[in-house]
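All values below come from the heavy atoms of this structure, side chains included, with hydrogens, waters and symmetry mates left out. Predicted, not measured: the structure shown is a model, and the values here were computed from it. Ligands are counted one by one from 1 in listed order, and the atoms in each one are counted from 1 as well.
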Amino acid sequence: MNIKVGKLIYSGKAKDVYETDHSDKVVVKFRDDITAGDGEKKDSLQLKGYYNSIISSKLFEVLEAEGIKTQFIELIKSGEMLSNKLEMIPLEVITRNVAAGSLLRKFPFEDKQVFEPPIIQMDYKNDAFHDPMLNDDISIALNLATKEELDSIREITLKINKTLKEFLANKGINLVDFKIEFGYDKNQNIVLGDEVSPDTCRYWDIETCDVLDKDLFRKGECGVMDAYKKVASMILDP
Ligand SMILES: Nc1ncnc2c1ncn2[C@@H]1O[C@H](COP(=O)(O)OP(=O)(O)OP(=O)(O)O)[C@@H](O)[C@H]1O
Ligand SMILES: [Mg+2]
């Protein structure tokens with residue numbers, strides 16, 4: 001698609017969003033910056049943006065093939081994803097298949113406890129309030145979404161989980177948990193936006209149990225980029 005990239009409209013912790021000469025499309029540029037702990041721990045890892053963009057693109061394609069609407073149009077160059085422009089809903093929709101991370105600090109679950117059915121948790125995406133967990137009543141009172149929209153987000157998220165879990169399991173990856181964001185497209189459809197990458201998911205190697213995601217960075221371990229690279233080669237392998 002012939003597209004002209006325009007001005008920067010938003011710069012987040014790991015991605016930049018640019019307007020284009022098509023008012024309903026943006027370019028999401030995946031940067032090499034990596035952060036953890038509410039943005040307190042920061043670094044830059046060469047090629048991280050590139051790997052996150054190809055992993056996210058592949059997973060968006062897998063979801064589209066199952067009829068799930070995503071922002072993805074195409075990768076226009078390294079790390080730059082042409083996407084449908086969305087009016088983002090400030091909810092972090094988290095799906096948990098296995099107990100890990102912050103859930104274990106908040107609730108008395110056992111480490112690695114398996115959740116069947118999965119747990120869906122929603123956090124309010126608001127840095128000033130440190131992304132607190134909320135429920136439907138709070139979301140509705142904050143005018144973030146209606147009850148019907150929340151039900152629809154939940155239903156789409158369960159379908160996303162089922163699709164990704166099966167796809168990744170076939171590639172040798174256990175999808176432990178992941179965080180996604182939705183927005184409204186120009187026709188007011190609820191569409192999956194943002195990214196689905198090792199920055200926003202927990203991936204464990206099914207055979208070796210190795211961690212293949214941002215937890216390595218959170219814990220100050222080495223080999224972060226090797227893990228991201230491994231995820232890319234595992235999922236892109238035909
Ligand atoms: N298709 C889209 N159209 C418009 N905005 C989008 C789209 N996809 C994602 N966004 C927004 O672009 C921004 C991407 O920024 P980024 O993920 O780097 O940082 P952040 O979300 O501000 O911080 P963090 O995710 O680290 O908490 C987010 O605000 C996200 O909601
Ligand atoms: Mg983000």
Check this for me - ligand 1, [X], N or O atoms closer than 3.5 angstrom, yes or no?
X      : value
Lys85  : no
Thr35  : no
Gly193 : no
Lys15  : yes
Leu86  : yes
Asp131 : no

Per-atom contacts of ligand 1 with [X], taking only distances under 4.0 Å to non-hydrogen atoms:
X     : result
Val17 : 12 (O)
Gln71 : 1 (N), 2 (C), 7 (C), 8 (N)
Tyr10 : 13 (C), 15 (O), 22 (O), 28 (C), 29 (O)

- Query: When you look for heavy atoms under 4.0 Å from ligand 1, do you find them on the side chain of Met88, its backbone, both, or neither?
  - Reply: side chain
- Task: Check Glu181 against ligand 1 and report side chain, backbone, both or neither, counting heavy atoms closer than 4.0 Å.
- Result: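 Contact part for Glu181 vs ligand 1: side chain (C-beta onward).
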- Message: Check for me whether Lys41 meets the cation-pi criterion with Phe217, that is, NZ or CZ under 6.0 Å from the six-membered ring centre and within 45 degrees of the ring axis.
- Response: yes
Among all protein heavy atoms, pick out the one at the shortest distance from [atom]; state its residue, atom name and that distance to 0.1 Å.
atom                    : result
atom 9 (C) of ligand 1  : Asp194 OD1, 3.3 Å
atom 15 (O) of ligand 1 : Gly12 CA, 3.6 Å
atom 19 (O) of ligand 1 : Lys13 N, 3.0 Å

- Message: Counting C-beta onward and ignoring hydrogens, is there a side-chain heavy-atom pair between Tyr124 and Ile138 closer than 4.5 Å?
- Response: no
- Check whether any side-chain heavy atom of Tyr203 sits under 4.5 Å from a side-chain heavy atom of Leu175, and report yes or no. yes
- May I ask whether Lys125 has any heavy atom positioned less than 4.0 angstrom from an atom of ligand 1?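 The answer is yes, since Lys125 has a heavy atom less than 4.0 Å from ligand 1.
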- Please state whether the rings of Phe109 and Phe115 are parallel, tilted or perpendicular, taking 30° and 60° as the class boundaries. perpendicular
- Using distance alone, with no hydrogens and no angle criterion, decide if Asp199 and Asn52 have a side-chain donor and acceptor under 3.5 Å apart.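 Yes, side-chain donor-acceptor contact under 3.5 Å.
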- Salt bridge flag under 4.0 Å for residues Lys229 and Asp226: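 No.
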